[in-house]
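Worksheet for the structure shown next.
No hydrogens, no waters, no symmetry mates; every other heavy atom, side chains included, goes into these values. Since this is a predicted model, take the numbers as computed values, not measurements. Chain naming here is simple, since letters A, B, ... match the order of the sequence lines and numbering starts at 1 in each.
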Amino acid sequence: MKMGKIPAEWPALQIELAKRVKVEPFAGIPALVAGVDIAFTADGNTAQAAAVVYSVAEKRIIEQHVIRRPVKYPYVPNFLSFREGPILQELIAELREPWEVIMFDGQGIAHPRDCGLAAHLGVLLDRPAIGVAKSRLCGEHEEPGLTAGSHSPLLLDGKQVGIALRTRNGVKPLFVSIGNRMDLESARRIVLACCKYRVPEPTRQADILTKRRKT
DNA sequence: GCGACAG
DNA sequence: ATCTTGTCGC
């Protein structure tokens, strides 16, 4: 895991990928929602990634995969997708269940160049994707109401790029933004439909798998 | 120069 | 992200 600087072509690639993001409503609530996440060893040299498929109706995970790979790049704000993207793509390719939407732990278009992890991979996959971050990367917002479902717009340069969404009563809000083939209203509806706890089940379960036995 | 900064 | 135990609260 080396490389301290950022390849000169990365920012330009993000700009190009952002242009390919499709904003469109997603009808209804998907039956199967995929979720992915990654954990790192203390030495920072190994990544353990997990992907799951969650059945919204049955409220349970129906498929799961875990892989370990050496870390190639360090974490650099705004370039998370280059660090986690390759591993996640490999993992997503192993999914057999027909998932309709995929959720990522990170921003969608709520990014300086409109290309956060969910937008970046959503475009490469050409599938509906949603960014669900536990904290803010950029933009400003008002504190949403304290009840589950309350939300306030996340603004960047005066334009709405996402929402601060309170998924459960009294918990810290999540930052939801579209990744691809989705619109903000649909994304909010889908995230809330998957929330048993603060973090939606797809990414929450993937996160749990991710922290399990790094043998 | 001083903060801010997904995971 | 990861290092870390108990502890306060619903």
Side-chain angles (χ1 to χ4, degrees), chain A residues 1-6 10-11 13-14 17-18 21 35-51 66-89 91-92 102-123 129-141 146-148 154-157 161-180 184 187 191 195-200 202-214:
Chain A
M1 189 272 277
K2 312 180 192 312
M3 184 127 274
K5 297 179 182 178
I6 299 160
W10 285 4
L13 174 56
Q14 294 182 318
L17 288 172
V21 171
V36 293
D37 189 32
I38 294 184
F40 299 85
T41 49
D43 56 47
N45 292 159
T46 305
Q48 177 149 308
V66 178
I67 61 173
R68 297 190 63 193
R69 290 291 182 274
V71 176
K72 194 171 183 180
Y73 302 111
Y75 167 70
V76 178
N78 297 348
F79 297 95
L80 177 67
S81 55
F82 293 92
R83 171 177 163 81
E84 306 190 343
I87 300 175
L88 295 180
Q89 290 190 72
L91 194 57
I92 294 169
I102 184 165
M103 293 179 20
F104 292 88
D105 246 322
Q107 314 294 339
I109 62 170
H111 176 281
R113 284 173 291 285
D114 313 313
C115 193
L117 179 64
H120 188 136
L121 290 188
V123 165
I130 301 174
V132 183
K134 296 183 293 299
S135 61
R136 182 192 68 87
L137 170 63
C138 59
E140 315 82 47
H141 69 91
L146 301 176
T147 59
L154 177 61
L155 309 171
L156 186 58
D157 297 313
V161 295
I163 55 172
L165 175 65
R166 190 90 63 186
T167 56
R168 302 297 291 176
N169 291 176
V171 303
K172 294 200 315 181
L174 249 35
F175 294 81
V176 176
S177 56
I178 68 165
N180 188 33
L184 199 49
V191 167
C195 282
K196 195 173 187 306
Y197 302 105
R198 182 196 177 218
V199 175
T203 48
R204 194 180 78 87
Q205 293 299 335
D207 176 86
I208 291 174
L209 280 179
T210 235
K211 294 177 173 56
R212 217 165 65 177
R213 321 265 305 189
K214 299 186 180 65

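Residue Leu88(A) contributes atom CG, which lies 13 Å from atom P of dG7(B) at whole-angstrom precision. Look at CG on Asn45(A): it is 14 Å from P on dT2(C), rounded to the nearest Å. When the P atom of dT2(C) is taken as reference, atom CD of Gln48(A) falls 10 Å away, rounded to whole Å.
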For nucleotides 1-6 of chain B, which of its nitrogen or oxygen atoms have a protein nitrogen or oxygen under 3.5 Å away, and what is each distance?
residue, atom, partner, partner atom, Å
dA4(B), O3', Arg136(A), NH2, 3.4
dC5(B), OP1, Arg136(A), NH2, 2.3
dA6(B), OP2, Tyr75(A), OH, 2.6
dA6(B), O4', Gln107(A), NE2, 3.4
dA6(B), N7, Asn78(A), N, 3.3
dA6(B), N6, Asn78(A), O, 3.1
dA6(B), N6, Phe79(A), N, 3.4
dA6(B), N6, Leu80(A), N, 3.2
dA6(B), N1, Leu117(A), N, 3.0
dA6(B), N3, Gln107(A), N, 3.0

Distances for protein N/O vs nucleotides 5-10 of chain C N/O pairs under 3.5 angstrom?
none

Open item on the list: Counting Watson-Crick and G-U wobble pairs with both distances under 3.5 Å, what is the dot-bracket string for DNA chain B, 5' to 3', using [ ] for crossing pairs and | for pairs to another strand?
Closed with: .......

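Taking 4.5 Å as the limit, some side-chain heavy atom of Ile6(A) sits within range of a side-chain heavy atom of Phe79(A). The closest side-chain heavy-atom distance from Gln107(A) to Ile109(A) is not below 4.5 Å. Contact annotation: the side chain of Lys72(A) never approaches that of Arg83(A) to less than 4.5 Å [non-hydrogen atoms, C-beta and beyond].
By the side-chain hydrogen bond (donor to acceptor under 3.5 Å, both in side chains) test, Asp37(A) pairs with no residue at all, sequence neighbours left out. Residues that satisfy the side-chain contact (heavy atoms from CB on, under 4.5 Å) test with Leu156(A), not counting sequence neighbours, are Cys138(A), Val161(A). Here Ala51(A) pairs with Val36(A), Leu91(A), Leu95(A) under the side-chain contact (heavy atoms from CB on, under 4.5 Å) rule; sequence neighbours left out. Under the side-chain hydrogen bond (donor to acceptor under 3.5 Å, both in side chains) criterion, Arg204(A) pairs with Glu201(A), sequence neighbours left out. Taking the side-chain hydrogen bond (donor to acceptor under 3.5 Å, both in side chains) definition, one finds that Arg198(A) meets it with nothing, sequence neighbours left out. In terms of the ring pair (Phe, Tyr, Trp, His ring centres under 6.0 Å) criterion, His111(A) has no residue partners (sequence neighbours excluded).
Heavy atoms only, all atoms of each residue included: Ile102(A) and Gly35(A) are closest at CG1-N, 4.5 Å. A pairwise comparison of heavy atoms in Asp207(A) and Thr210(A) identifies O-CG2, 3.0 Å as the closest pair.
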Donor-acceptor list for residues 168-178 of chain A side chains, cut-off 3.5 Å, not counting sequence neighbours:
residue, atom, partner, partner atom, Å
Arg168(A), NE, Lys196(A), O, 3.3
Arg168(A), NH1, Cys195(A), O, 3.4
Ser177(A), OG, Gly108(A), N, 2.6

Considering only distance and modelled atom types, tabulate donor-acceptor pairs under 3.5 Å from the side chains of residues 113-122 of chain A, sequence neighbours left out.
residue, atom, partner, partner atom, Å
Arg113(A), NE, Gln14(A), OE1, 2.6
Arg113(A), NH2, Gln14(A), OE1, 2.9
His120(A), ND1, Ser81(A), OG, 2.8

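Consecutive Watson-Crick or G-U pairs involving DNA chain C, each under 3.5 Å on both distances, never reach a stem of three or more pairs.
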